[in-house]
**Student:** 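A single structure is presented below for examination.
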Amino acid sequence: MCGIVGYIGDRNSVPLLVEGLKRLEYRGYDSAGVTVLEDGHLETRKTAGKITALEKLLGNGEAPHGSVGIAHTRWATHGPPNTQNAHPHTDCTGEIAVAHNGIIENAGVLRTKLESLGHRFASETDTEVVAHLIEEAWDGKLEDAVRAALRQVEGAFGLAIMSSRDPGTLVAARKGSPLLIGIGRDGEYYIASDVAAVLAQTRQVVYLDDGEMAVLTRDGYETFKLDGRSVDKEVREIEWDLEAIEKGGFEHFMLKEIVEQPETLRNTMRGRLLDEEGTAKLGGVTISPAELKSIQRIIITGCGTSWHAGLLGGYMLEELARLPAEVEYASEFRYRNPVVDENTLVIAISQSGETADTLAAMREARRRGARVMGIVNVVGSTIARESDFGIYLHAGPEIGVASTKAFTSQVVALALFTLLLGRLRNLSVLQGREIVAALRRLPEQVEQVLGLNDSIREIARTYKSAPNFLYLGRGYNFPTALEGALKLKEISYIHAEGLPAAEMKHGPIALIDENMPVVVIAPNDNVYSKITSNVQEVKARGGRIIAVVTEGNLELDGMVDHLIPIPATIDPLTPVLATVPLQLLAYHVAVMRGCNVDMPRNLAKSVTVE
Ligand code: M6R
């Protein structure tokens, strides 16, 4: 995700800022920029692309020189990843500059208000409103104007702000997006969104908490609540090395990304749930309610994990929005002769937004007159650009080849779209509210499931040498079984199959013996009683059973070898909670087998060839 670095001291800030940005490169980004105070005015250099492109720009005799500056690497959320949308952003006068991580939820409303007051915007970003709000609130002091501006802002932010009107000051503010102050040599202070950015200069940092801000000058720093009350903060000594920090202290990106899921799910839902109306508000779904109502059929397409999320979306749309929904591998769809027309909505799901088969499938659908909605994580990617409209996941960069946080966000994005369509069609407000409430509970419930990590590691130890695994599920959890099996096979190289549990008796049951671990996903849903019979069938043949069940359900205790309890939720959301332990199981098995978890053999993160 985006990265922030700020510096105030007595050295030229530019090399320090660029060095800091480079330390944040591992997080993923699509553009970069710096603003520096030079001879009393602000100089900004920014560009789409990598930091090397920014360095080129700076190296071209263009580098500003000054000892106060802020810098940013952007991972696009509002507006495509181009130079214009790169941070820092400035106000109308060019005297206030802002670098921002997070999402300003009420940016649209604020922008309209500011435009009516005469402010001119230079970018499509949500961030730019902050610069104009500060300009509007200016009363002689940067920190006061920032406070006044932030009172109007809803959403999440980590901010580094500077102004030529208050030249010896940097302001940092945090709500929902990490931010810290680095204490450098005498009279040097840093702002960073991640300790990796300042580690080469200092190991002494002060972490800001949500709702706090800091004012930095060459004489020191002060920390406050956003409302102005002063707070004392502890200075911490960082002991990690850089490599450990890039992975947030985790051994692998995959584990980091699994653990991030409560936060990424919050980000996917941020500002999109309407509790009272029991529906979703999706800014990227730019077609009118009437057009949405005219959709008669839905085809969902994608590959791998994204296809699994698509299967779940198909079930949800059919059950809750009462629309016929088919789900197709993109690689198959593109070469069929599919029947689609202008009343067909094709949903293309892709984390990367660059998968060749998904792209070809959506192009084929468009050529035949269908409308295409993208559900994509990477903003400005090809699928995002070529879709008629879409939903971004806001899950942040996914670096591990095995998709984890993108999957749970895809399922939630599909649930949001189902809510929107369902409420336009047949879903009652009470049903809608029930789904909204269940979605709101989800991040905390995922946190609870992550607490099972130690016991799942022990299960992994028991089965790490098994040559095969079966995963069984029914209804909404058949796709969960497919996803669990895919995770295991791609990172541990163990052969694993996901099956609809009742299909077992039509063949695969012949594989069951005491050497076959069978993962059964059996939450208390509308097919629970059916799947318990399948558990009996496996038990009768000596299979070793790992059952994912709803907490408090002890019915299978004694019949199965291991119980993994997950919190109760509505049926369509059980896969989100059930998938997390399966991700952890695959992860621990792969680590114990000595596999390269983040970069498994023969695989690429983004499959851009056919
Ligand atoms: O970027 P996409 O979501 O389009 O990628 C699709 C698949 O290649 C991807 O999900 C793949 O199956 C992952 N390695 C699964 O973990």
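We count residues from 1, following the sequence as given. Side chains are part of it too, since the values below use all heavy atoms of this structure and drop only hydrogens, waters and symmetry mates.
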**Student:** I want to check something: taking the side chain as every heavy atom from C-beta on, are Leu345 and Phe389 in contact at a cut-off of under 4.5 Å?
**Tutor:**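 They are in contact (side-chain heavy atoms under 4.5 Å apart), so the answer is yes.
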**Student:** What heavy-atom pair brings Ile96 and Asp91 nearest, and what distance separates the two atoms?
**Tutor:**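 Residues Ile96 and Asp91, closest heavy atoms: N-OD1, 3.0 Å.
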**Student:** Asn85 side chain to Pro80 main-chain N or O, any donor-acceptor pair under 3.5 Å?
**Tutor:**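 A pair under 3.5 Å: yes.
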**Student:** Could you check whether Gln583 and Thr404, counting side-chain N and O atoms only, form a donor-acceptor pair closer than 3.5 Å?
**Tutor:**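 The answer is no; no qualifying pair exists.
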**Student:** Does Arg366 come within less than 4.0 Å of Asp388, counting only side-chain N to carboxylate O?
**Tutor:**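 Here Arg366 pairs with Asp388 in a salt bridge, since their nearest N and O are under 4.0 Å apart.
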**Student:** Determine whether His394 and Ser409 make a side-chain contact, defined as any pair of heavy atoms from C-beta on separated by less than 4.5 Å.
**Tutor:**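 Sidechains of Ser409 and His394: no contact.
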**Student:** What are the two closest heavy atoms between Ala131 and His89, and how far apart are they?
**Tutor:**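 In this case the closest contact between Ala131 and His89 is CB-O, 4.0 Å.
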**Student:** Is the side chain of Thr264 donor-acceptor paired with the backbone N or O of Gln261 at a distance under 3.5 Å, no angle test?
**Tutor:**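 Side chain of Thr264 to backbone of Gln261: a pair is present.
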**Student:** Find the distance between CG (Asn101) and OG (Ser193) and round it off to the nearest 0.5 Å.
**Tutor:**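 That separation rounds to 5.0 Å.
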**Student:** Tell me, with the steps shown, if Glu291 and Ser288 meet side chain to side chain donor-acceptor pair (under 3.5 Å).
**Tutor:** CA-CA 5 Å; Glu291 283 174 301; Ser288 67; 3.2 Å; yes
**Student:** Do Thr382 and Glu354 have a side chain donor and acceptor closer than 3.5 Å?
**Tutor:**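 Judged by distance alone, the side chains do pair up.
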**Student:** Within a strict 4.5 Å, meaning less than it, do heavy atoms of the Met373 and Ile391 side chains meet?
**Tutor:**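 Answer yes - side chains close enough.
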**Student:** Ignoring hydrogens and geometry, is there a side-chain-to-backbone donor-acceptor pair from Glu135 to Cys92 under 3.5 Å?
**Tutor:**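 At least one qualifying donor-acceptor pair exists.
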**Student:** Once you round to the nearest 0.5 Å, how far does CZ of Arg229 lie from CZ of Phe224?
**Tutor:**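 If we round to the nearest 0.5 Å, Arg229:CZ and Phe224:CZ are 12.5 Å apart.
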**Student:** Determine, step by step, whether Glu19 and Leu16 satisfy the side chain to side chain contact (heavy atoms under 4.5 Å, CB included) criterion, reporting the C-alpha distance in whole Å, the side-chain angles of both residues, the deciding distance to 0.1 Å, and the verdict.
**Tutor:** CA-CA 5 Å; Glu19 161 70 18; Leu16 295 165; 5.6 Å; no
**Student:** Could you grab the distance from atom CG of Leu133 to atom CZ of Arg151, nearest 0.5 Å is fine?
**Tutor:**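 The CZ atom of Arg151 is 11.5 Å from CG of Leu133, to the nearest 0.5 Å.
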**Student:** Can you check whether Tyr207 reaches Asp209 side chain to side chain, under 4.5 Å on heavy atoms?
**Tutor:**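 Side chain of Tyr207 against side chain of Asp209, heavy atoms only: no contact under 4.5 Å found.
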**Student:** Ignoring hydrogens and geometry, is there a side-chain-to-backbone donor-acceptor pair from Thr358 to Ala330 under 3.5 Å?
**Tutor:**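 No, the answer is negative, given that no donor and acceptor are paired below the 3.5 Å cut-off.
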**Student:** So, Asn377 side chain and Gly353 main chain: donor-acceptor pair closer than 3.5 Å or not?
**Tutor:**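 Such a contact is absent between Asn377 side chain and Gly353 backbone.
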**Student:** With a 3.5 Å distance limit and no angle check, can you tell me whether Asn106 reaches the backbone of Gln152 through a side-chain donor-acceptor pair?
**Tutor:**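 Pair found, side chain donor or acceptor close to backbone of Gln152.
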**Student:** So does Ala197 get a backbone contact from the side chain of Asp194, meaning a donor-acceptor N/O pair under 3.5 Å?
**Tutor:**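 Looks like no, no N/O pair under 3.5 Å.
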**Student:** Under 3.5 Å, is there a donor-acceptor pair between the Glu143 and Thr169 side chains?
**Tutor:**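 Looking only at side-chain atoms, Thr169 and Glu143 do not form any donor-acceptor pair under 3.5 Å.
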**Student:** Mind checking the CG-CD spacing from Leu439 to Gln445? Nearest 0.5 Å is all I need.
**Tutor:**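 Spacing of CG (Leu439) from CD (Gln445) equals 10.0 Å.
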**Student:** With Ser67 as reference, evaluate Glu38, Arg11, Arg218 under the side chain to side chain donor-acceptor pair (under 3.5 Å) test and give the passing residue.
**Tutor:**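 It is Arg218, the one option of Glu38, Arg11, Arg218 that forms the side chain to side chain donor-acceptor pair (under 3.5 Å) with Ser67.
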**Student:** Does the His119 side chain pair with the main chain of Leu114, one donor and one acceptor, at a distance under 3.5 Å?
**Tutor:**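 Flag not set: sc His119 to bb Leu114 has no pair under 3.5 Å.
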**Student:** Ignoring hydrogens and angles, state whether a donor on the side chain of Arg74 or Thr127 is under 3.5 Å from an acceptor on the partner side chain.
**Tutor:**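 No pair is found: no donor N or O on one side chain lies under 3.5 Å from an acceptor on the other.
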**Student:** Which of these, Val376, Val378, Val372, sits in a side-chain contact (heavy atoms from CB on, under 4.5 Å) with Ile383?
**Tutor:**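 Exactly one candidate clears the test, Val376.
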**Student:** Over all heavy atoms of both residues, which pair between Glu257 and Lys405 is shortest? Give the atoms and the distance, please.
**Tutor:**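 That would be O-CB, 3.6 Å.
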**Student:** Under a 3.5 Å cutoff, is there a donor and acceptor pairing between the side chains of Glu398 and Ser403?
**Tutor:**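 Yes.
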**Student:** Does Val597 offer a backbone N or O that forms a donor-acceptor pair with the side chain of Tyr587 under 3.5 Å?
**Tutor:**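 Not at all, since once roles are kept as given, no pair shorter than 3.5 Å links the two residues.
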**Student:** Salt bridge or not for Arg120 and Glu128, using N-O below 4.0 Å?
**Tutor:**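 So Arg120 does not pair with Glu128 through a salt bridge.
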